[in-house]
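Only a predicted model underlies this, so the values are computations on that prediction, with no experimental measurement involved. Note: hydrogens, waters and symmetry copies are ignored here, and every other heavy atom, side chains too, is used.
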Amino acid sequence: MRNICNFFCAAISAASIFIFVSCSKTKSSSLAEDQLFTLKYGSFDNELTLFSLNKVGEINTNIAMRDGFFYIANSESKKIIETNSYGSVLNLFYNKDTNPTPDFADKENAAVLGASTQKATEYPFNEIGAIAVDSRKYLYVTDTLPSERQQQDEANSLHLSQIVLIFDEDGGFVNYLGQNGRGGDPFPAIKALYTNAMNELIVVCYTTGGLDTFWFSSAGDLRYTIHLTPSNIPNPYEESENEIFVTLDNVVPDYNTRKLHIKADYYKSSIDSASKVLAGVDYDATILHTFDIQSLQYTSALNISPYTQVLSDSLAKVEYNEPYNFLGITASGWLFFMAADDLGYTVQMVQEDGQKILKRHFDVDRSKILYYSFNLSETGIISALFAKKDEAIVNWWRTDQQIDAIGKN
């Protein structure tokens with residue numbers, strides 16, 4: 001295990017940073033969604049529990065997709081549903097205290113019902129969070145420990161409360177990971193889980209000052225720990241007279257290499273020319289920094305074009321820029337960014353070298369959506385779970401076909 005702390009001064013030099021500016025034109029068009037299946041609200045194996053008058057707090061249900069199979073982690077009912085693209089339940093991971101035992105959990109009964117291909121795994125989930133699936137169909141699940149097993153990191157002012165559960169391709173429980181590896185100390189609050197081409201697990205956590213990344217081998221051994229804060233990522237504004245504010249928005253691992261893609265949003269102060277006092281803080285730029293965790297070097301920095309929001313009325317039209325959300329990166333090296341707009345969502349797809357940019361619009365009536373969760377697959381398919389008043393809908397957009405067409409041309 002290598003612990004990478006305070007690497008900025010030792011690892012960064014001006015020569016290691018390269019800004020790639022796209023020379024190609026941005027192409028934009030709409031892309032139709034494919035509605036795959038719906039899920040009713042309820043407690044049965046093929047239903048979700050999202051809204052409860054007895055539960056206070058935000059909805060915490062997440063979707064992941066791998067090889068056409070969907071995994072929906074429904075924290076409110078303490079279960080995970082694995083389905084095919086038609087919505088048929090293939091596997092159910094459930095807490096028996098909050099869910100009825102499905103008929104197919106009994107193998108003899110399942111055979112009578114003709115559901116012998118369905119599986120059920122009982123596990124005492126507490127509070128499910130982010131999930132991920134690797135190419136072996138190993139399922140990784142964030143769960144919160146009971147209060148008596150949680151810890152306090154006084155030195156870093158962190159509450160350590162979460163672990164990552166591992167289930168194998170047959171649904172059997174393998175082990176759990178903490179920040180030190182198998183059976184280790186709990187993580188701070190987990191933001192996201194990722195897997196890569198080597199079936200390694202990457203855990204991104206919130207900290208008081210930024211984001212920590214824990215990188216595990218396919219066997220569950222801790223390989224790297226990377227501490228990121230706004231103060232130890234490259235600053236392209238060192239010569240600026242304005243005060244610069246940095247937001248460390250997201251960290252996503254590369255799919256094929258041991259690199260991190262770090263999205264930073266930069267805001268610049270503005271000074272009133274008459275009074276010479278601070279007039280405000282305006283968004284200025286988004287830069288995606290790439291950090292090689294083996295060489296301890298930043299290898300590139302890519303300017304990401306902002307999303308332009310347009311506000312208009314009968315008298316005037318005002319345009320202003322805002323940063324996209326960083327959705328992830330595909331195995332073929334396309335970076336995905338997303339922004340909500342009045343008619344749905346705008347997706348900006350950027351090649352890793354910045355040479356090609358595609359923009360696609362997803363027409364979605366967001367006024368009817370009460371909750372949503374997005375997932376980007378390694379092939380470039382965007383999946384979504386949209387919770388509406390009476391049911392939840394699972395859609396996907398075949399953006400993989402768009403980037404494949406670019407590759408062939």
If you apply the rule side-chain contact (heavy atoms from CB on, under 4.5 Å), what do you find for Q118 with N91, and how did you get there?
CA-CA 6 Å; Q118 294 177 296; N91 201 348; over 6 Å; no
One thing to verify: whether [Y] and [X] come together as a salt bridge, which I'm taking to mean a side-chain N less than 4.0 angstrom from a carboxylate O.
X    : Y    : result
R182 : D221 : yes
K119 : D170 : yes
K79  : E122 : no

Using modelled atom types only, decide if a donor and an acceptor are shared between the side chain of [X] and the backbone of [Y] within a distance under 3.5 Å.
X    : Y    : value
R366 : D341 : yes
S75  : K78  : no
D153 : S157 : no
T195 : N199 : no
D34  : L36  : no
T98  : S77  : yes
D134 : R136 : yes
S373 : I63  : yes
Q162 : I190 : yes
T142 : I128 : no

Give a yes or no on whether F44 atom CZ has more than 12 heavy-atom contacts from other residues, nucleotides or ligands under 6.0 Å away.
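At most 12 heavy atoms, drawn from other residues, nucleotides or ligands, come within 6.0 Å of this atom.
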Evaluation steps, side-chain contact (heavy atoms from CB on, under 4.5 Å), between S161 and L145
CA-CA 6 Å; S161 62; L145 291 170; 5.7 Å; no
Measure the spacing between [atom1] of [X] and [atom2] of [Y] and express it to the nearest 0.5 Å.
X    : Y    : atom1 : atom2 : result
I403 : L358 : CD1   : CG    : 8.5 Å
L48  : N74  : CG    : CG    : 5.0 Å
Q402 : W397 : CD    : CH2   : 13.5 Å
D212 : I226 : CG    : CD1   : 9.0 Å
Q151 : Q179 : CD    : CD    : 8.0 Å
W334 : E352 : CH2   : CD    : 11.5 Å

Ring pair (Phe, Tyr, Trp, His ring centres under 6.0 Å) between F374 and Y372: does it pass, once the steps are laid out?
CA-CA 7 Å; F374 284 105; Y372 62 86; 5.4 Å; yes
Between D400 and T379, does the side chain to side chain donor-acceptor pair (under 3.5 Å) criterion hold? Intermediate values first, please.
CA-CA 6 Å; D400 59 327; T379 60; 4.7 Å; no
How far apart are the C-alpha atoms of S305 and Q348, what are their side-chain angles, what is the distance that settles it, and do they pass the side chain to side chain donor-acceptor pair (under 3.5 Å) test?
CA-CA 9 Å; S305 300; Q348 180 171 249; 4.5 Å; no
Strictly by modelled atom types, are [X] and [Y] linked by a side-chain donor-acceptor pair under 3.5 Å?
X    : Y    : result
T308 : N321 : yes
N395 : E33  : yes
D45  : Y94  : no
W215 : E200 : yes
N375 : S383 : no

Just do the side-chain contact (heavy atoms from CB on, under 4.5 Å) check on D282 and Y267 with the steps written out, would you?
CA-CA 5 Å; D282 300 315; Y267 297 80; over 6 Å; no
Measure up the Y298 and F291 rings against each other and bin them: parallel (under 30°), tilted (30 to 60°), perpendicular (over 60°).
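Tilted.
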Is the F386 ring parallel, tilted or perpendicular to the Y345 ring (thresholds 30°, 60°)?
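Rings of F386 and Y345: parallel, as their planes differ by under 30°.
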From CA spacing to verdict: side chain to side chain donor-acceptor pair (under 3.5 Å), N126, T144
CA-CA 6 Å; N126 187 33; T144 300; 5.5 Å; no
Quick one: side chains of residues 247-255, donor-acceptor pairs under 3.5 Å with protein atoms, not counting sequence neighbours, listed by atom name and distance.
residue : atom : partner : partner atom : Å
D249    : OD2  : K263    : NZ           : 3.1
N250    : OD1  : K191    : NZ           : 3.1
N250    : ND2  : F326    : O            : 3.0
D254    : OD1  : H261    : NE2          : 2.9
D254    : OD2  : N256    : N            : 3.0
D254    : OD2  : T257    : N            : 3.0
D254    : OD2  : T257    : OG1          : 3.0
Y255    : OH   : R66     : NH2          : 3.1

Test ring pair (Phe, Tyr, Trp, His ring centres under 6.0 Å) on Y123 and F167; report intermediate values, then the result.
CA-CA 10 Å; Y123 189 88; F167 298 89; 5.6 Å; yes
Does the salt bridge (Lys or Arg N to Asp or Glu O under 4.0 Å) test come out yes or no for K40 and E391, once each step is laid out?
CA-CA 5 Å; K40 300 297 183 182; E391 62 184 6; 3.2 Å; yes
N180: which residues meet the side-chain hydrogen bond (donor to acceptor under 3.5 Å, both in side chains) condition with it, sequence neighbours left out?
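N180 satisfies side-chain hydrogen bond (donor to acceptor under 3.5 Å, both in side chains) with no other residue.
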Does the side chain to side chain donor-acceptor pair (under 3.5 Å) test come out yes or no for D143 and Y176, once each step is laid out?
CA-CA 10 Å; D143 200 12; Y176 79 85; over 6 Å; no
Aromatic contact between Y283 and Y266, with the criterion being ring centroids under 6.0 Å apart: yes or no?
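Centroid separation for Y283 and Y266: 6.0 Å or greater.
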